[in-house]
There are 2 protein chains.
Amino acid sequence: MHSMEFQSGFQSITDGRREHVDPVPVTREDVAARLRAHGIAPTHQRIEIAHALFERRAHLSADQILAAVNARHPEASKATVYNTLKLFLERKLIRELIVDPVKIFYDPNTTPHHHFYDVVTGELTDIPADALRIEGLPSLPPGTVAEGIDVIIRTRPLGAGEPPPGPAL
Amino acid sequence: MHSMEFQSGFQSITDGRREHVDPVPVTREDVAARLRAHGIAPTHQRIEIAHALFERRAHLSADQILAAVNARHPEASKATVYNTLKLFLERKLIRELIVDPVKIFYDPNTTPHHHFYDVVTGELTDIPADALRIEGLPSLPPGTVAEGIDVIIRTRPLGAGEPPPGPAL
DNA sequence: ACTACCATTAGACAAAGTCCAGATCCTGCA
DNA sequence: TGCAGGATCTGGACTTTGTCTAATGGTAGT
Ligand SMILES: [Mn+2]
Ligand SMILES: [Mn+2]
Ligand SMILES: [Zn+2]
Ligand SMILES: [Zn+2]
(Lines give C-alpha, C1' and ligand atoms only; values in the text may rest on other atoms or scores of the structure.)
(Ligands and ions follow the chains in the order given, each with its own letter.)
Protein backbone atom coordinates (compact mmCIF):
# COMPACT_ATOMS: atom_id res chain seq x y z
CA MET A 1 0.00 0.00 0.00
CA HIS A 2 1.16 3.47 -0.72
CA SER A 3 0.98 5.59 2.38
CA MET A 4 2.08 8.96 1.05
CA GLU A 5 -0.20 11.76 2.13
CA PHE A 6 -0.81 15.22 0.84
CA GLN A 7 1.18 17.72 2.79
CA SER A 8 -0.93 20.29 4.56
CA GLY A 9 -1.95 23.30 2.49
CA PHE A 10 -4.10 26.36 2.51
CA GLN A 11 -7.80 26.29 1.98
CA SER A 12 -9.74 27.11 -1.14
CA ILE A 13 -9.98 30.71 -2.16
CA THR A 14 -12.45 32.35 -4.48
CA ASP A 15 -11.18 34.97 -6.88
CA GLY A 16 -14.67 35.82 -8.01
CA ARG A 17 -14.58 33.69 -11.12
CA ARG A 18 -12.73 30.40 -10.70
CA GLU A 19 -12.47 28.30 -7.62
CA HIS A 20 -8.92 27.20 -7.03
CA VAL A 21 -6.45 26.20 -4.40
CA ASP A 22 -3.08 27.73 -3.79
CA PRO A 23 -0.41 25.66 -5.48
CA VAL A 24 1.46 23.56 -2.96
CA PRO A 25 5.21 23.07 -3.40
CA VAL A 26 5.08 19.44 -4.42
CA THR A 27 8.49 18.41 -5.67
CA ARG A 28 8.98 16.28 -8.77
CA GLU A 29 10.45 13.70 -6.40
CA ASP A 30 7.20 13.57 -4.44
CA VAL A 31 5.33 13.09 -7.67
CA ALA A 32 7.71 10.44 -8.96
CA ALA A 33 7.33 8.50 -5.72
CA ARG A 34 3.57 8.70 -6.03
CA LEU A 35 3.72 7.38 -9.56
CA ARG A 36 5.94 4.48 -8.51
CA ALA A 37 3.58 3.71 -5.64
CA HIS A 38 0.84 3.23 -8.24
CA GLY A 39 2.99 1.09 -10.48
CA ILE A 40 3.63 3.80 -13.03
CA ALA A 41 7.10 4.35 -14.47
CA PRO A 42 7.91 8.00 -13.76
CA THR A 43 8.87 9.47 -17.11
CA HIS A 44 9.47 13.17 -17.61
CA GLN A 45 6.08 13.71 -19.26
CA ARG A 46 4.19 11.73 -16.66
CA ILE A 47 5.86 13.63 -13.86
CA GLU A 48 4.99 16.96 -15.43
CA ILE A 49 1.38 15.95 -15.97
CA ALA A 50 0.96 14.59 -12.47
CA HIS A 51 2.76 17.59 -11.07
CA ALA A 52 0.35 19.96 -12.80
CA LEU A 53 -2.57 18.22 -11.12
CA PHE A 54 -1.13 17.63 -7.66
CA GLU A 55 0.41 21.05 -7.32
CA ARG A 56 -2.81 22.82 -8.20
CA ARG A 57 -5.10 20.30 -6.49
CA ALA A 58 -7.82 21.54 -8.83
CA HIS A 59 -10.30 19.95 -11.19
CA LEU A 60 -8.72 20.33 -14.61
CA SER A 61 -9.72 19.34 -18.12
CA ALA A 62 -7.30 17.61 -20.47
CA ASP A 63 -6.95 20.85 -22.34
CA GLN A 64 -6.08 22.79 -19.21
CA ILE A 65 -3.55 20.17 -18.24
CA LEU A 66 -1.97 20.29 -21.67
CA ALA A 67 -1.72 24.07 -21.43
CA ALA A 68 -0.38 24.02 -17.88
CA VAL A 69 2.26 21.45 -18.69
CA ASN A 70 3.45 23.26 -21.79
CA ALA A 71 3.24 26.77 -20.34
CA ARG A 72 6.99 27.41 -20.21
CA HIS A 73 8.16 25.22 -23.04
CA PRO A 74 6.88 22.07 -24.78
CA GLU A 75 6.85 19.13 -22.43
CA ALA A 76 4.18 16.78 -23.72
CA SER A 77 1.98 16.31 -26.75
CA LYS A 78 -1.78 16.11 -26.80
CA ALA A 79 -1.63 12.36 -27.43
CA THR A 80 0.62 11.85 -24.44
CA VAL A 81 -1.58 13.90 -22.17
CA TYR A 82 -4.63 11.83 -23.11
CA ASN A 83 -2.72 8.55 -22.90
CA THR A 84 -1.26 9.49 -19.57
CA LEU A 85 -4.52 10.60 -18.02
CA LYS A 86 -6.05 7.30 -19.06
CA LEU A 87 -3.15 5.47 -17.48
CA PHE A 88 -3.49 7.48 -14.28
CA LEU A 89 -7.16 6.61 -14.18
CA GLU A 90 -6.54 2.89 -14.62
CA ARG A 91 -4.04 2.95 -11.80
CA LYS A 92 -6.41 5.04 -9.72
CA LEU A 93 -3.93 7.83 -9.24
CA ILE A 94 -6.61 10.32 -10.19
CA ARG A 95 -10.36 10.39 -10.59
CA GLU A 96 -12.55 11.36 -13.52
CA LEU A 97 -15.52 13.70 -13.18
CA ILE A 98 -18.29 13.41 -15.75
CA VAL A 99 -20.18 16.56 -15.06
CA ASP A 100 -19.83 18.81 -18.06
CA PRO A 101 -21.50 17.86 -21.31
CA VAL A 102 -18.43 18.64 -23.40
CA LYS A 103 -15.36 17.71 -21.45
CA ILE A 104 -14.04 15.54 -18.69
CA PHE A 105 -12.48 16.96 -15.56
CA TYR A 106 -9.71 15.18 -13.70
CA ASP A 107 -9.56 15.23 -9.94
CA PRO A 108 -6.25 14.60 -8.17
CA ASN A 109 -8.18 13.78 -5.01
CA THR A 110 -9.25 10.14 -5.06
CA THR A 111 -10.54 10.05 -1.52
CA PRO A 112 -14.34 9.88 -1.38
CA HIS A 113 -15.96 13.26 -1.75
CA HIS A 114 -18.64 14.96 -3.81
CA HIS A 115 -19.06 18.08 -5.93
CA PHE A 116 -20.97 21.22 -6.60
CA TYR A 117 -21.10 22.05 -10.28
CA ASP A 118 -22.16 25.48 -11.43
CA VAL A 119 -23.92 24.83 -14.72
CA VAL A 120 -23.39 28.42 -15.83
CA THR A 121 -19.78 29.14 -14.92
CA GLY A 122 -18.56 25.55 -15.05
CA GLU A 123 -17.05 25.94 -11.60
CA LEU A 124 -16.44 22.74 -9.64
CA THR A 125 -16.28 22.79 -5.85
CA ASP A 126 -15.55 19.92 -3.50
CA ILE A 127 -18.02 18.68 -0.93
CA PRO A 128 -16.27 16.77 1.87
CA ALA A 129 -17.48 13.18 2.12
CA ASP A 130 -18.78 13.69 5.64
CA ALA A 131 -20.80 16.77 4.66
CA LEU A 132 -23.64 14.55 3.50
CA ARG A 133 -24.77 11.07 4.37
CA ILE A 134 -26.25 8.67 1.88
CA GLU A 135 -28.63 6.36 3.70
CA GLY A 136 -29.41 2.89 2.40
CA LEU A 137 -28.05 2.35 -1.03
CA PRO A 138 -30.35 0.22 -3.16
CA SER A 139 -29.58 -3.26 -4.41
CA LEU A 140 -27.44 -3.18 -7.52
CA PRO A 141 -28.68 -4.44 -10.86
CA PRO A 142 -28.06 -8.19 -10.98
CA GLY A 143 -24.61 -9.16 -12.23
CA THR A 144 -22.97 -5.85 -11.44
CA VAL A 145 -20.55 -4.52 -8.87
CA ALA A 146 -20.44 -0.95 -7.62
CA GLU A 147 -17.45 1.12 -8.64
CA GLY A 148 -18.31 4.29 -6.80
CA ILE A 149 -20.94 6.86 -6.07
CA ASP A 150 -20.93 10.31 -7.59
CA VAL A 151 -23.08 12.99 -6.05
CA ILE A 152 -23.26 16.18 -8.05
CA ILE A 153 -25.23 19.14 -6.82
CA ARG A 154 -25.88 21.36 -9.80
CA THR A 155 -26.06 25.05 -8.99
CA ARG A 156 -26.41 28.31 -10.84
CA PRO A 157 -25.41 31.85 -9.88
CA LEU A 158 -28.42 33.65 -8.47
CA GLY A 159 -28.88 36.35 -11.10
CA ALA A 160 -29.97 39.96 -10.97
CA GLY A 161 -33.60 40.06 -9.81
CA GLU A 162 -33.47 36.69 -8.13
CA PRO A 163 -35.28 35.78 -4.94
CA PRO A 164 -32.86 35.04 -2.09
CA PRO A 165 -32.26 31.30 -1.75
CA GLY A 166 -34.77 29.43 0.36
CA PRO A 167 -33.79 26.88 2.98
CA ALA A 168 -32.75 23.96 0.79
CA LEU A 169 -32.61 22.56 -2.75
CA MET B 1 -50.06 23.23 -13.59
CA HIS B 2 -50.08 20.24 -15.85
CA SER B 3 -51.59 17.27 -14.09
CA MET B 4 -51.18 14.60 -16.73
CA GLU B 5 -49.70 11.45 -15.32
CA PHE B 6 -47.97 8.51 -16.90
CA GLN B 7 -50.46 5.78 -17.43
CA SER B 8 -49.65 2.59 -15.61
CA GLY B 9 -47.28 0.25 -17.38
CA PHE B 10 -45.22 -2.84 -16.87
CA GLN B 11 -41.98 -2.81 -15.01
CA SER B 12 -38.52 -2.81 -16.46
CA ILE B 13 -37.33 -5.95 -18.12
CA THR B 14 -33.80 -7.02 -18.85
CA ASP B 15 -33.11 -8.63 -22.16
CA GLY B 16 -29.58 -9.45 -21.13
CA ARG B 17 -28.01 -6.50 -22.87
CA ARG B 18 -30.09 -3.35 -22.69
CA GLU B 19 -32.43 -2.25 -19.98
CA HIS B 20 -35.71 -1.05 -21.35
CA VAL B 21 -39.35 -0.63 -20.59
CA ASP B 22 -42.23 -1.92 -22.60
CA PRO B 23 -43.53 0.78 -24.91
CA VAL B 24 -46.72 2.25 -23.58
CA PRO B 25 -49.49 3.23 -25.99
CA VAL B 26 -49.12 6.98 -25.67
CA THR B 27 -51.14 8.70 -28.35
CA ARG B 28 -49.89 11.71 -30.29
CA GLU B 29 -52.78 13.57 -28.68
CA ASP B 30 -51.44 12.75 -25.22
CA VAL B 31 -48.05 14.00 -26.27
CA ALA B 32 -49.41 17.16 -27.86
CA ALA B 33 -51.31 17.96 -24.68
CA ARG B 34 -48.16 17.48 -22.68
CA LEU B 35 -46.26 19.82 -24.95
CA ARG B 36 -48.96 22.47 -24.66
CA ALA B 37 -48.93 22.06 -20.89
CA HIS B 38 -45.29 23.03 -20.96
CA GLY B 39 -45.83 25.98 -23.25
CA ILE B 40 -44.47 24.26 -26.33
CA ALA B 41 -46.26 24.53 -29.66
CA PRO B 42 -46.93 20.95 -30.76
CA THR B 43 -45.48 20.70 -34.24
CA HIS B 44 -45.24 17.42 -36.10
CA GLN B 45 -41.51 17.05 -35.42
CA ARG B 46 -41.83 17.92 -31.75
CA ILE B 47 -44.63 15.45 -31.30
CA GLU B 48 -42.62 12.69 -32.93
CA ILE B 49 -39.56 13.43 -30.81
CA ALA B 50 -41.50 13.60 -27.58
CA HIS B 51 -43.43 10.52 -28.56
CA ALA B 52 -40.23 8.56 -29.07
CA LEU B 53 -39.16 9.39 -25.53
CA PHE B 54 -42.45 9.04 -23.70
CA GLU B 55 -43.48 5.87 -25.43
CA ARG B 56 -40.21 4.12 -24.64
CA ARG B 57 -39.73 5.75 -21.24
CA ALA B 58 -36.03 5.04 -21.65
CA HIS B 59 -32.82 7.01 -21.39
CA LEU B 60 -31.94 7.84 -24.97
CA SER B 61 -29.13 9.75 -26.64
CA ALA B 62 -29.80 12.35 -29.32
CA ASP B 63 -28.58 9.88 -31.88
CA GLN B 64 -30.94 7.19 -30.71
CA ILE B 65 -33.83 9.62 -30.74
CA LEU B 66 -32.97 10.72 -34.26
CA ALA B 67 -32.88 7.10 -35.37
CA ALA B 68 -36.10 6.20 -33.56
CA VAL B 69 -37.98 9.13 -34.99
CA ASN B 70 -36.83 8.48 -38.54
CA ALA B 71 -37.13 4.71 -38.42
CA ARG B 72 -40.10 4.44 -40.81
CA HIS B 73 -39.54 7.52 -42.94
CA PRO B 74 -37.84 10.90 -42.48
CA GLU B 75 -39.61 12.93 -39.82
CA ALA B 76 -36.99 15.30 -38.44
CA SER B 77 -33.48 16.46 -39.18
CA LYS B 78 -30.52 16.27 -36.89
CA ALA B 79 -30.67 20.02 -36.29
CA THR B 80 -34.31 19.81 -35.32
CA VAL B 81 -33.71 16.96 -32.92
CA TYR B 82 -30.98 18.91 -31.14
CA ASN B 83 -32.99 22.13 -31.17
CA THR B 84 -36.05 20.36 -29.88
CA LEU B 85 -34.28 18.52 -27.09
CA LYS B 86 -32.80 21.80 -25.93
CA LEU B 87 -36.27 23.35 -25.97
CA PHE B 88 -37.72 20.43 -24.04
CA LEU B 89 -34.97 20.85 -21.45
CA GLU B 90 -35.62 24.57 -21.04
CA ARG B 91 -39.28 23.90 -20.52
CA LYS B 92 -38.44 21.04 -18.18
CA LEU B 93 -40.38 18.50 -20.18
CA ILE B 94 -37.40 16.18 -20.00
CA ARG B 95 -34.20 15.87 -18.04
CA GLU B 96 -30.60 15.61 -19.14
CA LEU B 97 -28.21 12.99 -17.78
CA ILE B 98 -24.50 13.75 -17.87
CA VAL B 99 -23.08 10.37 -17.16
CA ASP B 100 -21.28 9.17 -20.27
CA PRO B 101 -18.08 10.89 -21.33
CA VAL B 102 -19.13 11.21 -24.94
CA LYS B 103 -22.84 11.77 -25.14
CA ILE B 104 -25.81 13.09 -23.26
CA PHE B 105 -28.79 10.95 -22.36
CA TYR B 106 -32.28 12.34 -22.15
CA ASP B 107 -34.69 11.16 -19.51
CA PRO B 108 -38.45 11.55 -20.02
CA ASN B 109 -38.94 11.15 -16.28
CA THR B 110 -38.47 14.51 -14.59
CA THR B 111 -39.60 13.40 -11.16
CA PRO B 112 -36.72 13.17 -8.70
CA HIS B 113 -34.84 9.90 -8.99
CA HIS B 114 -31.30 8.64 -9.39
CA HIS B 115 -29.34 6.29 -11.61
CA PHE B 116 -27.10 3.30 -11.89
CA TYR B 117 -24.66 3.62 -14.75
CA ASP B 118 -22.76 0.61 -15.99
CA VAL B 119 -19.45 2.04 -17.14
CA VAL B 120 -18.80 -0.96 -19.37
CA THR B 121 -22.11 -1.55 -21.10
CA GLY B 122 -23.37 2.03 -20.85
CA GLU B 123 -26.62 0.78 -19.38
CA LEU B 124 -28.64 3.26 -17.35
CA THR B 125 -31.07 2.09 -14.68
CA ASP B 126 -33.38 4.15 -12.53
CA ILE B 127 -33.15 4.30 -8.77
CA PRO B 128 -36.43 5.45 -7.20
CA ALA B 129 -36.01 8.64 -5.19
CA ASP B 130 -37.09 6.96 -1.99
CA ALA B 131 -34.56 4.14 -2.38
CA LEU B 132 -31.88 6.30 -0.84
CA ARG B 133 -31.95 9.27 1.46
CA ILE B 134 -29.47 12.10 1.33
CA GLU B 135 -28.97 13.49 4.81
CA GLY B 136 -27.93 17.07 5.43
CA LEU B 137 -26.93 18.75 2.21
CA PRO B 138 -24.06 21.17 2.71
CA SER B 139 -24.26 24.94 2.37
CA LEU B 140 -24.06 26.01 -1.23
CA PRO B 141 -21.16 28.08 -2.54
CA PRO B 142 -21.98 31.74 -1.87
CA GLY B 143 -24.03 33.40 -4.60
CA THR B 144 -25.43 30.20 -6.02
CA VAL B 145 -28.78 28.42 -6.00
CA ALA B 146 -29.26 24.67 -6.23
CA GLU B 147 -30.76 23.35 -9.43
CA GLY B 148 -30.87 19.68 -8.52
CA ILE B 149 -28.95 16.74 -7.17
CA ASP B 150 -27.68 13.94 -9.33
CA VAL B 151 -26.65 10.71 -7.70
CA ILE B 152 -24.96 8.26 -10.02
CA ILE B 153 -23.84 4.88 -8.83
CA ARG B 154 -21.26 3.62 -11.27
CA THR B 155 -21.23 -0.13 -11.68
CA ARG B 156 -19.47 -2.70 -13.81
CA PRO B 157 -20.48 -6.24 -14.79
CA LEU B 158 -18.77 -8.69 -12.48
CA GLY B 159 -16.52 -10.46 -14.96
CA ALA B 160 -15.35 -14.04 -15.31
CA GLY B 161 -13.21 -14.87 -12.26
CA GLU B 162 -14.69 -12.20 -10.08
CA PRO B 163 -15.26 -12.46 -6.35
CA PRO B 164 -18.97 -12.38 -5.48
CA PRO B 165 -20.05 -8.87 -4.46
CA GLY B 166 -19.55 -8.00 -0.81
CA PRO B 167 -22.20 -6.26 1.27
CA ALA B 168 -22.03 -2.74 -0.13
CA LEU B 169 -20.20 -0.33 -2.45
C1' DA C 1 -51.93 37.89 -51.84
C1' DC C 2 -48.85 39.92 -48.50
C1' DT C 3 -46.47 40.13 -44.18
C1' DA C 4 -44.46 38.56 -40.08
C1' DC C 5 -42.95 35.23 -37.32
C1' DC C 6 -41.71 30.85 -35.98
C1' DA C 7 -39.95 26.25 -37.20
C1' DT C 8 -37.22 23.21 -39.99
C1' DT C 9 -33.34 21.97 -42.70
C1' DA C 10 -28.73 20.84 -45.10
C1' DG C 11 -24.47 21.22 -44.57
C1' DA C 12 -20.39 23.66 -42.90
C1' DC C 13 -18.11 24.01 -38.73
C1' DA C 14 -16.04 23.36 -33.88
C1' DA C 15 -14.28 20.80 -30.03
C1' DA C 16 -12.97 16.70 -27.51
C1' DG C 17 -11.00 12.66 -27.87
C1' DT C 18 -8.96 8.41 -30.46
C1' DC C 19 -5.83 6.08 -33.43
C1' DC C 20 -1.73 4.87 -35.80
C1' DA C 21 2.69 4.58 -37.76
C1' DG C 22 7.05 6.38 -37.17
C1' DA C 23 10.53 8.50 -34.07
C1' DT C 24 12.78 8.50 -29.48
C1' DC C 25 14.12 7.04 -25.24
C1' DC C 26 15.58 3.68 -22.09
C1' DT C 27 17.85 -0.54 -20.23
C1' DG C 28 20.19 -4.75 -20.15
C1' DC C 29 23.72 -7.11 -22.13
C1' DA C 30 27.63 -8.36 -25.49
C1' DT D 1 30.97 1.34 -25.75
C1' DG D 2 27.54 -0.54 -29.01
C1' DC D 3 23.34 -2.58 -29.92
C1' DA D 4 18.76 -4.88 -29.69
C1' DG D 5 14.13 -4.76 -27.86
C1' DG D 6 10.59 -2.80 -25.48
C1' DA D 7 8.31 1.05 -23.69
C1' DT D 8 7.12 5.72 -24.49
C1' DC D 9 6.18 9.75 -27.12
C1' DT D 10 4.53 12.32 -31.07
C1' DG D 11 2.29 14.69 -35.28
C1' DG D 12 -1.44 14.51 -37.65
C1' DA D 13 -5.36 12.22 -39.62
C1' DC D 14 -9.63 10.76 -38.14
C1' DT D 15 -14.24 10.08 -35.55
C1' DT D 16 -18.00 11.56 -32.89
C1' DT D 17 -21.03 14.73 -30.76
C1' DG D 18 -22.96 18.81 -30.99
C1' DT D 19 -23.39 23.87 -32.78
C1' DC D 20 -24.22 27.43 -36.16
C1' DT D 21 -25.91 29.72 -40.22
C1' DA D 22 -28.28 31.01 -44.04
C1' DA D 23 -32.04 29.57 -46.69
C1' DT D 24 -36.55 27.52 -46.91
C1' DG D 25 -41.19 26.24 -45.36
C1' DG D 26 -45.42 26.77 -42.81
C1' DT D 27 -49.13 29.37 -40.66
C1' DA D 28 -52.09 33.06 -39.09
C1' DG D 29 -53.79 37.51 -39.57
C1' DT D 30 -55.01 41.37 -42.72
MN1 LIG E 1 10.94 20.27 -18.45
MN1 LIG F 1 -45.09 11.14 -39.84
ZN1 LIG G 1 -12.97 16.92 -6.19
ZN1 LIG H 1 -34.09 8.09 -15.19
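Below, chain A is the first sequence line, B the second, and so on; all start at residue 1.
- Between the P atom of D/dT17 and the CD1 atom of B/I65 lies a distance of 13 Å, rounded to the nearest Å.
- Of the two residues contacting DNA chain C, namely B/P101 and B/A76, the nearest-nucleotide position lying further toward the 5' end is that of B/A76.
- Separating the CZ atom of A/F88 from the C1' atom of D/dT8 is a distance of 13 Å, rounded to the nearest angstrom.
- Listed for the A/N70 side chain is no donor-acceptor partner under 3.5 Å among the backbone atoms of A/A67.
- The main-chain N or O of B/T111 is found under 3.5 Å from a side-chain atom of B/H113 such that the two form a donor-acceptor pair.
- Checking each of A/V26, A/L60, A/L93, A/L53 against A/P108 for a side chain to side chain contact (heavy atoms under 4.5 Å, CB included) leaves exactly one that passes, namely A/L53.
- Within 4.0 Å of B/T43, counting heavy atoms only, lie sugar-phosphate atoms of the nucleic acid but no base atom.
- Atom-to-atom, NZ of A/K103 to P of C/dG17 comes out at 8 Å; the value is rounded to the nearest Å.
- Exactly one residue among B/D150, B/D107, B/D126 makes a salt bridge (charged side-chain N to carboxylate O under 4.0 Å, His left out) with B/R95. That residue is B/D150.
- The side chain of B/D63 sits closest to D/dT17 out of C/dA16, C/dT8, D/dT17.
- The nearest whole Å value for the distance from the OH atom in B/Y82 to the P atom in D/dT21 is 17 Å.
- Proximity of a side-chain donor or acceptor of A/R91 to a complementary backbone N or O of A/L35 within less than 3.5 Å is not detected.
- Contact check, B/K86 against D/dT19: a side-chain N or O comes under 4.0 Å of OP1 or OP2.
- Counting atom types as modelled, B/K78 pairs a side-chain N or O with a base atom of D/dT19 as donor and acceptor under 3.5 Å.
- Between B/S77 and C/dT9 there is a side-chain N or O to OP1 or OP2 distance below 4.0 Å.
- Checked against D/dG18, C/dG17, C/dT8, the side chain of B/I104 finds its nearest nucleotide in D/dG18.
- In the set D/dC9, D/dT17, D/dT10, D/dT10 carries the atom at the smallest distance from any side-chain atom of A/N83.
- B/R46 has its CZ atom 11 Å from the P atom of C/dC6, to the nearest Å.
- In this structure, A/D100 atom CG and D/dT17 atom P are separated by 17 Å, rounded to whole Å.
- Going from atom CG of A/L85 over to atom P of C/dC19 covers 15 Å, rounded to whole Å.
- Separating the CD1 atom of B/I47 from the P atom of C/dT8 is a distance of 10 Å, rounded to the nearest angstrom.
- Each of B/V102 and B/A79 lies near DNA chain D, and the nucleotide nearest B/V102 is the one positioned closer to the 5' end.
- Between A/Q45 and C/dC25 there is no side-chain polar atom (N or O) within less than 4.0 angstrom of OP1 or OP2.
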